[in-house]
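Here's the structure we're looking at; comments come further down.
Index from 1, following the sequence.
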Amino acid sequence: MRRFLWGALALIVLAGCQLPMVAELKSPLDAKSPSFVPKSADKNLLTFSLEPGPIGNPAKTVSGKITEATTASQDNVVELTLPFGSTRDKLVATFTFSAGATVKIGTVAQVSATTVNDFTNPLSYIVTAADGTTKTYKVTAVIAKSDQKDITAFSFVPKAGTNNPTTETITVTPDQTAKTITVTLPFNSVKNNLVATFSTSGSKVEVGTVEQISGTTANDFTNAVTYKVTAADGTDKVYTVTVSVAASSAKEITEFKFVPTAMTNNPSTTISGRIVGTDIFVDLPSGSLTNNLVATFSTTGSAITVAGVNQVSGTTPNSFASSLSYIVTAADSSTRTYVVSAKPKMTVVYVQSAMGSSFIDSFILNTSTGVLGPKIGGTFTNTDAPSQRLVVSPNGKFLIHGNTASNMKLFGVTAGTGALVSASMPSPALTASLVSSTKNPAIDPLGRFMYVLQQTGLPGGAVQFPLDSTTGMPSVGSNLTVGNGVNPPGGMVFSPNGKFAFVYEDMMATGKLQAYMVGSDGSLSVQGATFEWTAGKMKGVVVDPTGQYLYVAQDNGPEMKAFSINQTNGALTLVEAAAMAPSPAGGYIQVGIDPSGQFVVAIASVPTETIYVAKRNTSGSDALQTAQTYTLTGAGPPISFTFSKDGHKIYVNYDTGNLEVLDWAYATSGAMSLVELKTGIGLDFTIDPTGKYGLAFDGGVLKAWPLAANGSISSPSSNQSPTGTTFQYLSVAEIPAQ
C-alpha cells in the first residue's frame with residue numbers, strides 16, 4: 001500500500017502539478033524529504049508613505065523614514081513629517097511589506113492605499129510573518145512647523161504721541177519678490193518716531209535685536225530700516241522698508257497785489273486782489289494803466305507761469321489789458337490755474353438835487369478824457385426832506401442817502417456800471433434824530449462796520465451795522481450807547497487802522513469828546529477820560545494820517561486842541577489847547593490835515609476870511625505852532641476847502657461860486673500863494689479820485705473841469721444836467737469794475 005502512494009505522488013510531480021504545502025507534517029519522513037520548504041519568518045515594513053489623492057492626505061507625497069531597532073530596548077519606528085497646516089485624523093497610508101506577511105493595527109487588517117486611520121497619536125503597525133512571528137512598527141506622524149515668514153500688510157495709522165500721519169492711514173502692500181516695503185507719507189511728515197502697524201505669517205519680527213510689536217514699537221525711518229521675519233521653523237526673511245515724504249500738492253495763490261514799484265505802472269498805494277476760488281479780481285484806481293504792471297504774490301506752489309513765462313513775485317511785468325491765466329505748479333507737478341483780472345475802477349458821480357423832494361442821479365466820469373457820460377439807470381426820489389449828504393462806502397458797494405428824519409435810504413451799487421439799486425435798511429429801525437446825524441453815517445476804515453449816530457434817549461446812542469464781507473452791504477445791527485452827557489452825539493471819526501473811534505458832541509454850547517476801542521464785533525468800549533469843551537462847540541474833529549494825533553477846533557471861538565492818541569487803547573491825552581494867531585473870533589468853518597500829516601489847516605470868515613496853517617512841533621512837545629496865515633481874496637464867505645490829490649494845492653470854495661486856488665509849501669514852511677481865483681465854478685467843489693478833474697454844479701449843470709499841473713482850472717471838458725433845479729450835494733466814488 002505504501003508503495004502505491006509514493007508511486008502516485010511521483011506521477012503527479014512528473015505531470016507538472018504542484019500541491020499546496022501542508023503546514024504540519026507529522027511523519028518523520030517529511031523532514032528528510034528533499035522538497036520541503038519552511039514557512040517565511042520575514043515581517044518587515046519595506047516602504048511607508050502618504051500619497052496625494054485620498055481626502056485628508058497632503059497634496060504632495062510624504063515618505064516615511066523607517067528605522068529598524070538594533071537592540072532589544074529600541075522600537076522599530078516609522079516617522080512621517082506632514083506639511084504645516086495638515087490634519088492627521090483621516091490619513092490613508094501606502095506601504096509595502098515582506099512577502100507572505102500580513103499587517104494589522106490592533107485587530108484591524110490594513111490595506112495599503114485604502115485603510116483610513118487617525119494619526120493624531122502614534123499608531124502601532126503589527127506585521128505578521130508567514131511563520132506566525134510578528135514585528136511591531138511605531139508610526140508617528142508629526143506636522144512640520146510653519147516656514148511662513150511674510151509681512152503681508154504694512155501701514156502707518158494715526159497715533160497720538162508719534163509722528164504718524166494725523167488724519168489718514170497710509171497702507172502699502174509689501175513686494176514679496178523683491179522683499180521691499182516702500183511707503184510715501186504725506187507732505188511735511190517727519191520720518192522719526194514712526195510706529196508701524198503690520199501683519200505677518202512669521203512667528204517673530206525684529207529690527208536689529210529689537211522685537212517689533214505691531215502698532216507699538218517706534219522706529220526712525222530717516223534711512224532704510226531692515227525688518228527680519230523669523231518663521232516657526234526657524235528660517236527667516238529680510239524686508240527693506242523705505243519711507244519717503246511726498247512732494248507738496250499745494251498750489252494755491254494765497255495773496256495777490258500790486259505794490260508801488262518804480263519804473264512800472266503800478267498804483268501809488270498797495271492794491272490787494274480778491275481771491276474767489278480760482279478767480280482773482282484786482283480793482284485798480286480809476287485811470288490806471290493796465291500794461292507794465294508787476295504783481296506781488298504769495299503761493300504754496302513751487303512755480304507760477306503765465307503763457308510759459310516764469311513769474312517772479314515783485315519782478316515780472318505783465319499786461320493786464322485782458323485776463324491772464326496764472327498756472328501754479330505744485331512740488332508734485334500737479335497744477336492749478338487762476339484767472340487774474342485787473343481793471344481800473346469806474347469813477348461815478350452821484351448827484352443829489354433838492355426842491356421839495358430829493359432826486360439822486362448817477363453819472364460816469366471818464367478819467368482819461370474828462371467826459372461825463374449819460375445818466376446811469378433811473379432817478380431815485382426821496383420825499384423825506386430836508387435831505388443830507390450822499391455817503392458811498394469805502395469799497396464802493398453801497399450808498400447812503402441821509403435826511404433829518406429817521407428813514408435813511410440805502411442803495412446797492414452795481415459793480416461794472418455804478419447803477420444804484422434800492423435796498424432796505426436792516427433792523428434795528430432808526431429812531432427820530434434830533435441832530436440830523438443820519439446825514440453822516442460813519443464807516444470804519446477797514447469796511448467792517450457802519451455806525452449811525454442818533455438820539456435814542458439820554459445819553460446819546462448809535463446803531464452799529466456789520467458790513468457783509470462779500471456784498472459790502474449792512475446787515476442786522478445792534479444799539480450802542482455812546483457819549484457821556486445829555487447832548488446827542490454829533491460825529492464819529494476813526495484811527496486809520498480802525499482800532500479806535502472818537503465820538504464828539506457838536507450841536508450844543510458845550511462839546512464833549514470820548515475815545516473808544518472798537519471790538520472785533522463792532523462794539524465800543526470807553527477808553528480814558530471824557531474831554532469837555534465849555535468854551536464852545538466842537539468843529540472839525542480829525543485824526544492825522546499816522547493815527548498818532550487828534551485835532552479839534554471851535555465852531556464859535558478861536559481855540560484849537562491837539563491830543564495824542566494812546567496806541568494801545570486809543571485814550572486821549574491833551575497836548576495843547578490854544579488860540580491860533582490871529583484869533584478867528586467867529587470860530588472855524590472847516591479843519592483838515594494835509595496828506596503828509598505835518599500841518600493842520602483851517603479856514604474862518606470872522607473877523608476876516610483867512611486860512612490858518614499850524615505845524616506840529618516834532619522836536620518833543622508835539623504842541624501846535626502857528627506856521628502861516630493867509631488872507632483869502634475871494635468874494636463872500638468860504639464854505640469849504642479841498643486838498644489836491646498830491647497835496648500840493650488847496651482849493652477854497654465860496655458860497656458865491658468862486659473858487660480860490662492856492663499853492664503852498666506843505667513839505668516845509670506851510671506858506672501859501674495864489675494860483676488863481678476862478679468864478680462860476682459852483683458849490684460843493686469835489687476832486688475826482690485820480691486828481692485830474694474838479695466837479696461841481698454850475699447853474700443847474702454838473703460840470704467836470706480839468707486841473708492843470710500847477711493847480712489852475714481849465715474850461716469844463718463835459719457837462720450833464722441832473723434831475724431837479726436846486727443842487728445840494730455830490731459824491732464822487734470809485735466803483736469796482738468787476
key: Lys/Arg-Asp/Glu bridge criterion (N-O < 4.0 Å) met for Arg88, Asp118   = no

remark   = On a heavy-atom basis, the closest approach of Pro736 and Asp283 is CB-OD2, 3.6 Å

key: Side-chain donor-acceptor contact under 3.5 Å, Asp150 with Thr152   = no

ask   = With distance as the sole criterion, is a donor-acceptor pair present between the side chains of Thr240 and Thr226 under 3.5 Å?
value = no

task = Would you mind reporting whether Leu82 and Val142 have side-chain heavy atoms less than 4.5 Å apart?
result = no

query = How long is the gap from OG1 on Thr162 to CG on Asn219, to the nearest 0.5 Å?
reply = 12.0 Å

task = Evaluate the side-chain proximity of Ile105 to Asn117: yes if any heavy-atom separation is below 4.5 Å, no if none is.
result = yes

note = Contacts of Ser520 meeting side chain to side chain donor-acceptor pair (under 3.5 Å) (sequence neighbours excluded), chain-then-number -> none

task = Determine whether Ile253 and Ile280 make a side-chain contact, defined as any pair of heavy atoms from C-beta on separated by less than 4.5 Å.
result = yes

ask   = Which residues satisfy the side chain to side chain donor-acceptor pair (under 3.5 Å) test with Ser73, sequence neighbours excluded?
value = Thr71

query = What closest approach, in Å, do Val328 and Gly301 show between heavy atoms, and which atom pair accounts for it?
reply = CG1-CA, 3.9 Å

inquiry  = Which label fits Phe320 and Tyr326: parallel for a plane angle under 30°, tilted from 30 to 60°, or perpendicular past 60°?
reply    = parallel

inquiry  = Would you say Lys135 and Asn44 are linked by a side-chain donor-acceptor pair, where the criterion is simply a distance under 3.5 Å?
reply    = yes

inquiry  = Would you compute the distance between atom OG of Ser341 and atom CD of Gln738 and round it to the nearest 0.5 angstrom?
reply    = 3.5 Å

message = Taking Ser155's backbone N and O only, do any of them form a donor-acceptor pair with Thr171's side chain (distance below 3.5 Å, no angle check)?
response = no

ask   = If you look at every heavy atom in Thr81 and Ala144, which pair is closest and at what distance?
value = CG2-CB, 3.8 Å

task = Taking the side chain as every heavy atom from C-beta outward, state whether Lys499 and Val518 have any atom pair closer than 4.5 Å.
result = no

ask   = Hey, does Phe258 have a side-chain heavy atom less than 4.5 Å from the side chain of Thr270?
value = no

task = Could you tell me the separation between the OG1 atom of Thr222 and the NZ atom of Lys191, rounded to the nearest 0.5 Å?
result = 6.0 Å

message = Taking the side chain as everything from C-beta on, heavy atoms only, tell me whether Pro426 gets closer than 4.5 Å to Ser475.
response = no

query = With side chains defined as the heavy atoms from C-beta onward, is the minimum distance between Thr305 and Thr329 less than 4.5 Å?
reply = no

Atom pairs and distances, donor-acceptor, side-chain atoms in residues 202-210, under 3.5 Å, two or more places apart:
residue	atom	partner	partner atom	Å
Ser203	OG	Thr230	O	3.0

inquiry  = A side-chain contact here means heavy atoms from C-beta on lying under 4.5 Å apart; do Arg274 and Phe256 qualify?
reply    = no

query = About how many Å separate OG1 of Thr242 and CG of Asn223, when rounded to the nearest 0.5 Å?
reply = 9.5 Å

request  = For the residue pair Asn192 and Asn163, confirm or rule out a side-chain donor-acceptor distance under 3.5 Å.
outcome  = yes

message = Under a 3.5 Å threshold, yes or no: a donor from one side chain and an acceptor from the other, between Gln148 and Asp233?
response = no

key: Glu79 vs Thr140, side chain to side chain donor-acceptor pair (under 3.5 Å): CA-CA, chis, key distance, verdict   = CA-CA 5 Å; Glu79 295 174 309; Thr140 302; over 6 Å; no

message = Rounded at 0.5 Å granularity, tell me how far CD in Gln311 sits from CD1 in Ile327.
response = 10.5 Å

key: Single hit among Lys149, Gln176, Lys228, Lys179 for side-chain hydrogen bond (donor to acceptor under 3.5 Å, both in side chains) with Tyr239   = Gln176

ask   = So, does Thr115 use its side chain to make a donor-acceptor pair with the main chain of Val111 at under 3.5 Å?
value = yes

ask   = At their closest point, which heavy atom of Thr300 faces which heavy atom of Thr254, and how far apart are they?
value = CG2-CG2, 4.0 Å

ask   = Of all heavy-atom pairs between Ile143 and Ser86, which one has the smallest distance, and what is that distance?
value = CD1-O, 3.0 Å

message = Looking only at side-chain N and O atoms, does Thr134 offer a donor or acceptor that is under 3.5 Å from a partner on Lys43?
response = no

request  = Give a yes-or-no answer on whether the side chains of Asp521 and Gln464 include a donor-acceptor pair shorter than 3.5 Å.
outcome  = no

message = Students often mix this up, so state it plainly: with edges at 30° and 60°, are the rings of Phe221 and Phe154 parallel, tilted or perpendicular?
response = perpendicular

task = Work out which heavy atom in Phe449 is nearest to a heavy atom in Asp444; give both atom names and the distance.
result = N-OD1, 2.8 Å

query = Does Tyr125 have its ring centroid less than 6.0 Å away from the ring centroid of Phe48?
reply = yes

inquiry  = Between Thr197 and Val157 (side chain of the first, backbone of the second, donor and acceptor by atom type, cut-off under 3.5 Å), is there such a pair?
reply    = no

message = Nearest 0.5 Å, please: how far is CG in Asn318 from OG1 in Thr264?
response = 12.0 Å

key: Polar side chain donor-acceptor pair, Lys251 to Ser334, under 3.5 angstrom   = yes

